[in-house]
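Just below is one structure, and these are the notes that go with it.
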Amino acid sequence: MESRRIDLVAAGPAPRDPYDPIAAAWALASAAHAAGGSVRVLFPKGTLGGPDPEGVTGVPIGYPIRRPGAALEAADFARAAGRMLQEDTELVLRDPAGLGALGVPGRPGRRARVVAFVRRLEVEAIDSEGPGPVGGLGDRIDRWRDRRAIRRLEREALTEADTLVVERPEIGEALRRTHRIEADRLRTVPPVVPRLPEPPSREKARAALGIPPDVPTIVAPAATERPEDARLDLVREGFRRIRPLFPGVRLIVAGLDSPSDPGLVAVPARDPATFSSCFAAADIALLVPRSTGFDPGLIFAQVGGCAVVATESATLPDRARSAVHTPPSDDPGDIASTLAELAADPAAIRASVSDGRAYATRFDPARVLEAVAPSGRSR
């Protein structure tokens, strides 16, 4: 990618937790910088985050908040961010697409290219909330006005973008149905998954956790700090059932505190370096998310050199059987059987790690960025 000025409009500052939804936008910014771009990230002022990634400049934007917490507040931020865009910027990334036009500077035919990542349709989100509490005529009129304003502002944001990026085909279908977006403006790509820091060696990672170098080790990364959402009880029960089969086996619960169990090591810190070290120490990663959807921990694990066992709730595009081992059900017995079968076969672990690393490349931020905003491309 040729050196170019890039402004990215994000929903918040650089996050400390790699599972934070905002992490994808900042991962794109890091990828753009690594490719030689001069990158700024514009985000709402007043929210706490972590340090800016190397080479990326974070720009907090202050703006009048007329309706705190309301969906329409996003349009106020968009207008403020638009005034801060560089006159000579060549590419504007917007993640998420949000509400309202930015007002991208430049002459007709010479303005920056705009690429917006559509995470959901705001007008459909407000419809899915239902009619709300029964109120008087004034309340119903206010809701109707809000919905009309959201639809108009969402269309402004979508119309301004040259390319609209979606991670799921159904979002693209909703865009065509709700806003009549032309198919040639849509790009469907895999989810962007941030790159974790380079891990320590396996020996150092295990030594730091007090794990012997020669015992089977499983890591269960938690996408959330809530034990019930991470299904910690299911993870612990599946692990208990394989302990009699593998002397010395260890379970690392990463990103979440846990009650004490024999062989269990809890690592509650949720920073990128800690997750990276936990994956480096393990042979197998176990993911059992409660909600059906994409879990970036699966890709973290594959890049980190773990074979992966994941329940059906961890959805993936073009799920490769050789890269992910799926138990027949969410029953702890089935999970334990799948773990035991894999742990007993070092050759299968090696093959799964190799296939997983190859599969994970499609989620690399640099690869996704090049797919939606190729180097040298201009409006």
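Start at 1 with the first residue, then count along the sequence.
Residue pairs meeting the side chain to side chain donor-acceptor pair (under 3.5 Å) criterion with at least one partner in residues 29-41, sequence neighbours excluded, are D7-R40. Within the structure, salt bridge (charged side-chain N to carboxylate O under 4.0 Å, His left out) contacts touching residues 283-307 (residues at least two apart or in different chains) are R202-D283, R206-D283. Residue pairs meeting the salt bridge (charged side-chain N to carboxylate O under 4.0 Å, His left out) criterion with at least one partner in residues 42-60, sequence neighbours excluded, are absent. Residue pairs satisfying the salt bridge (charged side-chain N to carboxylate O under 4.0 Å, His left out) criterion with at least one member in residues 327-346, sequence neighbours excluded, are listed as follows: R231-D330. For the side chain to side chain donor-acceptor pair (under 3.5 Å) condition, the pairs that include at least one residue of residues 219-228, sequence neighbours left out, are R226-E228, R226-D229. Residue pairs meeting the side chain to side chain donor-acceptor pair (under 3.5 Å) criterion with at least one partner in residues 259-278, sequence neighbours excluded, are D17-R270, R236-D261, R240-D261, D271-T274.
Of all non-hydrogen atoms in Q302 and A360, the two that sit nearest each other are OE1-CB, 3.8 Å. Contact record, A11 with I22: C-CD1, 4.1 Å, taken as the closest heavy-atom pair. Looking at every heavy atom in both residues, P194 comes nearest to A27 through CA-CB, 3.8 Å. Closest approach of V324 to A310, counting heavy atoms only: CG1-CB, 3.9 Å. Residues S313 and P289 approach most closely at OG-O, 2.6 Å, considering heavy atoms. When all heavy atoms of F275 and P18 are compared, the pair lying nearest together is CD1-CG, 3.7 Å.
Not a single donor-acceptor pair under 3.5 Å links the side chain of W26 to the backbone N or O of A10. Panel note: side chain R94, backbone A97; a donor-acceptor pair is recorded below 3.5 Å. Counting only distance, with no hydrogens or angles, the side chain of S352 and the backbone of A307 share no donor-acceptor pair below 3.5 Å. A donor-acceptor contact shorter than 3.5 Å is absent between the side chain of R16 and the backbone of P272.
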Test side chain to side chain contact (heavy atoms under 4.5 Å, CB included) applied to V39 and R5, step by step: CA-CA 6 Å; V39 186; R5 291 187 179 276; over 6 Å; no

I211 and I252: CA distance, side-chain angles, deciding distance, side chain to side chain contact (heavy atoms under 4.5 Å, CB included) verdict: CA-CA 10 Å; I211 298 175; I252 304 169; 3.8 Å; yes

Test log, rule side chain to side chain contact (heavy atoms under 4.5 Å, CB included), inputs V56 and V41: CA-CA 7 Å; V56 176; V41 178; 3.6 Å; yes

Evaluation steps, salt bridge (charged side-chain N to carboxylate O under 4.0 Å, His left out), between E173 and R177: CA-CA 6 Å; E173 293 168 5; R177 179 180 65 250; 5.5 Å; no

Worked verdict on R357 versus V303 for side chain to side chain contact (heavy atoms under 4.5 Å, CB included): CA-CA 5 Å; R357 279 179 166 153; V303 174; 5.9 Å; no

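D355 has its side chain out of reach of V353: every pair of non-hydrogen atoms, C-beta onward, lies at least 4.5 Å apart. At a threshold of 4.5 Å between non-hydrogen side-chain atoms, the residues V372 and V189 count as touching. Using a 4.5 Å heavy-atom cutoff, the side chains of L339 and F239 are not in contact. Contact annotation: the side chain of V92 never approaches that of R113 to less than 4.5 Å [non-hydrogen atoms, C-beta and beyond]. Proximity of V265 to V253: side-chain heavy atoms (C-beta onward) are nowhere separated by under 4.5 Å. With a 4.5 Å cut-off on side-chain heavy atoms, R176 and L186 count as touching. Using a 4.5 Å heavy-atom threshold, the side chains of T326 and T311 count as separate. Side chains of P328 and T338 form a contact here, defined as non-hydrogen atoms less than 4.5 Å apart.
The pair E182-R185 counts as a salt bridge, with a side-chain nitrogen and a carboxylate oxygen less than 4.0 angstrom apart.
To the nearest 0.5 Å, atom CZ of residue R195 and atom CD of residue E198 are 11.5 Å apart. Separation of atoms CG (L316) and CZ (R362) is listed at 9.0 Å; rounding is to 0.5 Å. With rounding to the nearest 0.5 Å, the separation of CD in E167 from CZ in R187 is 15.5 Å. Annotation: the span from L298 atom CG to L286 atom CG amounts to 10.5 Å, rounded to 0.5 Å. Distance check: L8 CG to L85 CG gives 10.5 Å after rounding to the nearest 0.5 Å. Atom CD1 in I218 sits 3.5 Å away from atom CD1 in I242 (nearest 0.5 Å).
Side-chain contact check for S337 and R241: no donor-acceptor pair (N or O, by modelled atom type) lies under 3.5 Å.
Between F43 and F77, the gap from one ring centroid to the other reaches at least 6.0 Å.
Relative orientation of the F294 and F363 rings is parallel, given thresholds of 30° and 60° on the angle between their planes.
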